[in-house]
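Note: hydrogens, waters and symmetry copies are ignored here, and every other heavy atom, side chains too, is used.
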Amino acid sequence: MENFVFQSPTRIIFGKGAEAEVGKETKKFTKKVLLHYGGQSIKKYGLYDKVIKSLKAENIDIFELGGVKPNPRLDLVYEGIKICRDNNIDFMLAVGGGSTIDSAKAIAVGVKYEGDVWDFYTSDKKAKKFLPVGVVLTIPAAGSESSNGSVITKEKGQLKKAYVDENIRPVFAILDPELTFTLPKEQTLNGISDIFAHGLERYFTNAQNVDFSDRLIEGAFKSLIKNTYIVLDKPLDYAARAEIMWIGLLIHNGVFGMGRIEDWGSHMIEHEISAIYDIAHGAGLSIIFPAWMQYVYKHDINRFAQFAVRVFGAETYYGDEERTALEGIKRLKNFFKEVGLPVSLEDVNIPETHLKEMSRKCAGSGEIGNFVKLDEKDVLSILKLAVKQ
Ligand code: NZQ
Ligand code: ZN
């Protein structure tokens, strides 16, 4: 196990009706918020009214900025920064999914910075001051509700970049599984794919003696698979929605990766796809991961065989570990296919036109990933494997 330091300051308020607490939680920090949200979902399904009521009950002044798009855009971040500065707003309240939360985090960082907030997404620079961010989560997926990351897209140049900083973890996250009942099947699945991917990025590691966290991640995978089938059959099953929501937060708040060396190559490749084609992050990941696994499995056949046996109950072919390893990749791909996720670029009608450009943007200025270091040529090979699977 590697040395590590872990601290997660996010207060988690979980359960039926938890969103009613948003006013009280927010009041601990401020009397004035910028309420940030996405498209119409929170208004359509009544969450907006509940949040406003709870904030008003605590006499909190509310400014609003809706319109966050999936793959959140830098232009709206600039707009949010201006609203906060013009009105002396000192708290960001994100109500929505990863895109809304990431946009709120970017605004929170940008308000206190004299330069261009994009600097943090394109260099090693770290912010010195921030506004606190609170969250009411509506989709289990990105894990941004307690993560240290924010991912923003700059449309000019089709750039999608991450800023990682321990100080941008939200101060509270409110999770009511009932809020996820309204998710369309496709969004439920995109979220599940992202949650799975956050486990895979941590599972495939070169760190030795990480048995406990191996088991934690494997347990998350098994529970996620089981509950995916339940919600596909019964979208209003509270227990299954609750399990998925809790896994989505825990698998990406850092604790499952402690003592390990995480990979993140597949995420970086996926970000290049969604930067150009604006597909859902989760859909890109269910395409890239099987291809990445196929490309790197020989690096540690035992680990891949362990994944196959422990997560998917594959048979152990003693003396032929490679066969077991490949079975795991096949079963993961079959799981994605069976539930209705795409597993190839063809499945989402992405042509081969930009594969070279994506590889260059991804690894042209340095290798990516840690399990296996990938250069531009490797990334291109993975993208080619992903064309048709
Ligand atoms: O915009 P609205 O109308 O709210 O609709 C959203 C959106 O269209 C809809 N939705 C959300 N909750 C709903 C709902 N529809 C009905 N009922 C509900 N309860 O779902 C759509 C997707 O929302 P979005 O916020 O984009 O989803 P997600 O949480 O998957 O976030 C994706 C973004 O997070 C980034 C991704 O790259 C992507 O930009 N990530 C952020 C990370 C982080 N900050 O730690 C890590 C991840 O790896 C990821 O990169
Ligand atoms: Zn992700």
Side-chain angles (χ1 to χ4, degrees), residues 10-26 33-58 60 62 64-70 72 92-105 133-147 170-195 198 223-224 227-228 230-253 280-282:
T10 310
R11 177 175 162 85
I12 297 158
I13 302 123
F14 190 102
K16 284 184 192 177
E19 61 276 19
E21 300 300 310
V22 67
K24 280 192 194 124
E25 291 300 324
T26 304
V33 293
L34 181 61
L35 169 59
H36 201 33
Y37 53 92
Q40 287 306 305
S41 80
I42 71 159
K43 291 194 173 166
K44 190 170 166 192
Y45 300 116
L47 176 59
Y48 174 86
D49 291 340
K50 288 186 195 166
V51 168
I52 296 283
K53 188 177 162 202
S54 177
L55 293 173
K56 283 197 170 157
E58 302 296 334
I60 293 166
I62 307 161
E64 279 187 38
L65 180 62
V68 181
K69 291 183 185 156
M92 289 300 304
L93 179 61
V95 181
S99 297
T100 296
I101 304 166
D102 285 1
S103 182
K105 286 174 173 175
V133 177
V135 171
V136 179
L137 186 67
T138 61
I139 172 172
S144 186
E145 63 275 15
S146 77
S147 83
V171 290
F172 66 77
I174 295 178
L175 284 74
D176 175 356
E178 283 187 337
L179 296 177
T180 70
F181 285 178
T182 55
L183 280 169
K185 181 182 170 199
E186 191 187 353
Q187 294 300 353
T188 297
L189 288 173
N190 288 338
I192 285 163
S193 166
D194 196 16
I195 295 170
H198 294 162
S223 177
L224 188 59
N227 286 292
T228 298
I230 298 175
V231 296
L232 287 182
D233 188 33
K234 295 184 194 140
L236 307 189
D237 187 306
Y238 179 85
R241 290 282 189 188
E243 298 286 357
I244 293 172
M245 208 168 196
W246 185 218
I247 298 168
L249 183 148
L250 269 188
I251 210 163
H252 194 48
N253 89 334
H281 173 61

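With rounding to the nearest 0.5 Å, the separation of CD1 in Ile251 from CH2 in Trp246 is 12.5 Å. The CD1 atom of Ile139 sits 5.0 Å away from the CD atom of Gln187 when rounded to the nearest 0.5 Å. The distance from the CG atom of Leu249 to the CZ atom of Phe14 is 8.5 Å, given to the nearest 0.5 Å. For the atom pair OG of Ser103 and CE of Met92, the computed distance is 7.0 Å after rounding to the nearest 0.5 Å. In this structure, CG in Asn227 is found 5.0 Å from CD in Glu243, a value given to the nearest 0.5 Å. The distance from the CD1 atom of Ile230 to the CD1 atom of Ile244 is 8.0 Å, given to the nearest 0.5 Å.
A 4.5 Å side-chain heavy-atom check between Val231 and Thr188 finds at least one atom pair inside the cut-off. Residues Val136 and Ile42 have side chains not in contact (no heavy-atom distance under 4.5 Å, counting atoms from C-beta outward).
Taking every heavy atom of both residues into account, Ser193 and Gly282 meet most closely at OG-O, 2.6 Å.
When the salt bridge (charged side-chain N to carboxylate O under 4.0 Å, His left out) test is applied to Glu186, no partner is found at least two apart in sequence or on another chain. With sequence neighbours excluded, the residues forming a side-chain contact (heavy atoms from CB on, under 4.5 Å) with Ile62 are Val33, Leu35, Ile52, Leu55, Lys56, Glu64, listed by chain and number.
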Show me, pair by pair, the donor-acceptor contacts under 3.5 angstrom made by side chains of residues 140-147, not counting sequence neighbours?
| from | atom 1 | to | atom 2 | distance (Å) |
| --- | --- | --- | --- | --- |
| Ser144 | OG | Asp102 | OD1 | 2.6 |
| Ser144 | OG | Lys105 | NZ | 2.9 |
| Ser147 | OG | Lys105 | NZ | 3.3 |
| Ser147 | OG | Gly149 | N | 3.2 |

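In this pair, His198 and His281 present their aromatic rings tilted. The plane angle is within the 30 to 60° band.
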Pair Leu232-Leu189, side-chain contact (heavy atoms from CB on, under 4.5 Å): steps then yes or no: CA-CA 9 Å; Leu232 287 182; Leu189 288 173; 4.0 Å; yes
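Without hydrogens or angle criteria, Arg241 side chain to Pro235 main chain gives a donor-acceptor distance under 3.5 Å. In this structure, Asp176 contributes its side chain and Gly17 its backbone to a donor-acceptor pair below 3.5 Å. The closest donor-acceptor contact from the side chain of Thr180 to the backbone of Pro177 lies under 3.5 Å. The main-chain N or O of Ala94 is never found under 3.5 Å from a side-chain atom of Thr100 such that the two would form a donor-acceptor pair. A donor-acceptor pair under 3.5 Å is formed between the side chain of Thr228 and the backbone N or O of Leu224.
For NZ of Lys24, the number of neighbouring non-hydrogen atoms (other residues, nucleotides, ligands) closer than 6.0 Å is 12 at most.
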